[in-house]
Undergrad: 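After the structure tokens below, expect a handful of questions from me.
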Amino acid sequence: MNQDHMLICARGLVRRFHSGQEEVAALNGVDLDLPKGAFSVLAGRSGSGKTTLLNILGTLDMPDAGTLSISGRDVLTFSAAERADFRLYRMGFIFQAYNLIRVLSARENVAYVLQLRGVPKAERLRRADAWLAEVGLAGLETRRPDQLSGGQQQRVAVARALASEPDIVLADEPTANLDSHSGESLMHLMRELNGKRGVTFLIASHDPVAMDAARELVMMEDGRIVERIGQ
Amino acid sequence: MKHLSVYLRLGLRNLWLHPARTGLTVLALAIGIAALTFLTAMNDGWMQNIRENFVLTEVGHLQVHARGFEQSHSIRDHIRDPRPLLQRLTGMQGVRAVTTRIRVSGLASAAGANAGVLVSGVDIERERQVSRLSTFVGQGRWFVAGEERAVILGDVLAERLEVGPGDKVVLMAASPGGDIMSEVFRVRGLIHSGVMDIDNLMALVPIASARRWLALDEGAVTDIVIRARAFADVNPLQRALRTEWDGQGLEVLRWMDIDPMAEQWARFADAYTWIVLAVVILVVLAEVLNTMLMSMHDRIREFGLMSALGTAGSEVFAMVMWETVILVCLGGVLGFALGGWLSVYYGQHGLDLSRFATAFSFMYMSPVVYPLLTLEGCARILGAAVVGAMIAGLYPAWKASRLEPAVAMREV
Ligand SMILES: Nc1ncnc2c1ncn2[C@@H]1O[C@H](COP(=O)(O)OP(=O)(O)OP(=O)(O)O)[C@@H](O)[C@H]1O
Ligand SMILES: [Mg+2]
């Protein structure tokens with residue numbers, strides 16, 4: 001495999017958790033190469049290690065063993081501050097719920113990451129509004145999260161993830177709290193952005209709606225990747 | 001400061017998210033800071049009052065003696081010719097009034113009893129411009145011009161001697177030559193000052209009578225007493241007079257050099273107030289800390305999210321600190337306004353504590369306090385509030401900044 005094309009290159013990732021006396025191996029030696037432009041869904045039963053893997057790939061958590069390079073950078077050697085910076089400039093995140101800062105409007109939530117990056121005010125507001133329009137939320141820019149439906153909130157999260165033009169968007173169960181119609185249209189939106197703009201997506205989900213939209217399925221079981229379907 | 005606008009926006013809105021909690025904390029802060037402001041002003045007013053009462057009762061802001069008099073209190077150490085000194089002092093910058101005295105300790109006897117006395121020969125006109133002694137006359141009257149061998153006694157002393165206005169008293173003291181001199185005086189008035197040393201021991205006589213009785217030269221004095229325009233003039237005056245009169249065998253003393261008691265009492269009151277302030281600050285701190293910790297706890301997920309989005313730990317720290325600062329500022333402004341208003345109001349009208357404080361008059365305290373809001377006092381309160389906010393914010397901010405995003409995001 002030509003690793004130059006690989007956005008993510010993980011080898012032998014192990015992550016153990018201790019709960020009381022017990023030790024749980026949430027990841028048990030994960031190897032994963034993900035090319036630029038992928039639209040992959042990480043699927044598997046509850047407890048198979050999807051969130052744990054996504055957190056490590058997103059530099060939100062550190063593995064106990066293994067190597068990981070993202071965009072050619074050895075992110076496991078980074079300090080906490082360097083990781084925060086890497087996330088700010090290279091990664092987009094969409095979580096299952098509580099994705100938004102609740103005292104900020106939709107526009108301000110999207111603009112937040114741009115502000116951290118020092119984008120001037122006029123420019124960041126323009127970009128925030130453009131992305132909100134892109135995800136179908138034109139006219140709702142000034143609403144607070146509690147004034148938006150669950151599907152609309154997830155769309156704001158998509159807009160925020162894409163506004164900073166990341167190398168990859170990591171999404172953890174983005175459709176889990178949505179009805180099937182909203183879930184479908186969210187997946188459709190992300191798939192469209194992948195096709196149109198070449199944004200790389202890695203989505204953890206056991207929602208059939210999400211799996212249907214995938215270009216590739218990465219199957220997990222007991223902390224291992226057991227099968228890759230598609231591509 | 002990089003993202004100040006977003007910190008302030010987040011801080012304000014998060015505080016607004018819980019109006020009741022924020023309101024209660026702001027109220028507690030406001031009351032605490034109002035109390036702080038008012039107590040500080042009370043204390044400063046009180047100290048000013050003690051100093052002023054002390055100085056104006058008798059001692060004056062500054063005294064000039066022949067060198068050694070403060071130590072010996074012997075009439076032998078007197079100033080022979082004070083005229084050039086008085087001339088220099090008249091119209092000098094910072095000098096409001098000047099008088100002269102002859103002080104000597106002696107014995108008073110009347111028909112029934114004897115008692116030790118502190119005799120003070122006073123210039124009957126100038127004394128009124130320097131001290132309040134003349135205003136303390138209760139029974140009888142102050143001296144009239146040209147009056148010879150008149151005496152005004154402290155009321156407790158008079159009682160001990162069993163005399164009143166019109167009665168005769170014999171005063172005895174040693175002359176500079178060492179002879180015991182005695183003279184008959186007639187009591188013209190009694191003074192009550194509330195200060196024990198004065199009421200129990202003081203015998204005032206016209207300065208000319210004192211000279212004749214003690215066989216002192218014309219013009220001789222033991223004290224030149226200066227009333228300054230303000231307390232701020234005291235140190236510069238002492239410095240100026242010391243350089244100017246260097247080598248003339250004089251000592252120039254400030255009121256606190258003469259009797260450190262009043263200053264120490266003022267300092268004690270100050271220390272006491274610091275303790276009260278410390279308690280107020282602690283209570284306020286605990287309140288702010290509690291509010292901020294509650295607010296942090298509500299938002300663990302949100303801090304996790306911010307961290308996941310690439311917000312640096314230092315930025316989360318700054319965010320929480322700014323929120324604390326906003327909270328303390330809201331309470332601070334409100335409390336400072338309230339405390340300031342109270343201080344200014346009572347600074348003009350006076351706060352009558354006579355029901356509690358009459359017993360303190362021997363400490364030179366007036367029962368009516370005029371709170372005084374000084375620049376130093378304000379700076380002290382401001383400093384306390386800012387330092388308090390910082391301390392109260394540090395722990396929650398540190399905690400929030402160290403949250404691991406992967407862990408925080410699992411919280412529900
Ligand atoms: N912080 C933690 N402490 C203890 N155990 C943990 C922790 N995080 C994950 N685990 C355990 O690791 C295993 C994998 O968890 P993970 O959350 O990655 O699964 P998942 O595939 O995302 O499941 P789900 O579909 O329910 O989200 C589980 O057994 C879980 O209990
Ligand atoms: Mg999960």
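None of these values were measured; they are calculated from a predicted model. Throughout, a chain's letter reflects where its sequence line sits, starting with A, and its residues are numbered from 1.
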Undergrad: Just give me the residue among A/M91, A/R117, A/R102 that pairs up with chain B most often, heavy atom to heavy atom, under 4.5 Å.
TA: A/R102
Undergrad: Atom CD of B/E302 and atom CD1 of A/I101: how far apart are they, to the nearest 0.5 Å?
TA: 5.5 Å
Undergrad: Go through the atoms of A/L100 and report whether side chain, backbone, both or neither lie under 4.5 Å from a heavy atom of chain B.
TA: backbone
Undergrad: Counting only non-hydrogen atoms closer than 4.5 Å, does A/Y112 touch chain B with its backbone (N, CA, C, O), its side chain (CB onward), both, or neither?
TA: side chain
Undergrad: Could you tell me whether a side-chain N or O of A/R87 sits under 3.5 Å from a main-chain N or O of B/L309, the two making a donor and an acceptor?
TA: no
Undergrad: Once rounded to the nearest 0.5 Å, what's the spacing between atom CZ of B/R13 and atom CD of A/E108?
TA: 4.0 Å
Undergrad: Evaluate whether atom CZ of A/R73 has more than 12 neighbouring non-hydrogen atoms of other residues, nucleotides or ligands under 6.0 angstrom away.
TA: no
Undergrad: Under 4.5 Å from any heavy atom of chain B, what part of A/F86 do you find: side chain, backbone, both or neither?
TA: neither
Undergrad: Please flag which part of A/A111 lies under 4.5 Å from any non-hydrogen atom of chain B: side chain, backbone, both or neither.
TA: neither
Undergrad: What closest approach, in Å, do B/A406 and A/N55 show between heavy atoms, and which atom pair accounts for it?
TA: CB-ND2, 3.7 Å
Undergrad: Under 4.5 Å from any heavy atom of chain A, what part of B/S314 do you find: side chain, backbone, both or neither?
TA: neither
Undergrad: State whether the number of non-hydrogen atoms from other residues, nucleotides or ligands found under 6.0 Å of B/Y395 atom OH is greater than 12.
TA: no
Undergrad: Checking heavy atoms, do the side chain of A/R90, its backbone, both or neither come under 4.5 Å from chain B?
TA: neither
Undergrad: Kindly compute the distance separating OH (A/Y98) from CD1 (B/I300), expressed to the nearest 0.5 Å.
TA: 13.0 Å
Undergrad: Any chance you could measure A/K121, atom NZ, to B/S5, atom OG, to the nearest 0.5 Å?
TA: 7.0 Å
Undergrad: As an exercise: rank A/I56, A/D172, A/L104, A/T51 by heavy-atom pairs under 4.5 Å with chain B and give me the winner.
TA: A/L104
Undergrad: Quick check on the interface: out of A/D85, A/N99, A/T59, A/T52, who has the most heavy-atom pairs with chain B under 4.5 Å?
TA: A/N99
Undergrad: Over all heavy atoms of both residues, which pair between B/A312 and A/A84 is shortest? Give the atoms and the distance, please.
TA: CA-CB, 4.2 Å
Undergrad: Please say whether more than 12 non-hydrogen atoms of neighbouring residues, nucleotides or ligands are located less than 6.0 Å from CZ in B/F268.
TA: no
Undergrad: Looking at every non-hydrogen atom in both residues, tell me the closest pair between A/F95 and B/A308 and how far apart they are.
TA: CZ-CB, 3.8 Å
Undergrad: Counting distance only, does the side-chain N/O of B/E404 pair as donor-acceptor with the main-chain N or O of A/D61 below 3.5 Å?
TA: no
Undergrad: Kindly check if the number of other-residue, nucleotide or ligand heavy atoms within 6.0 Å of CD (A/E23) is above 12?
TA: yes
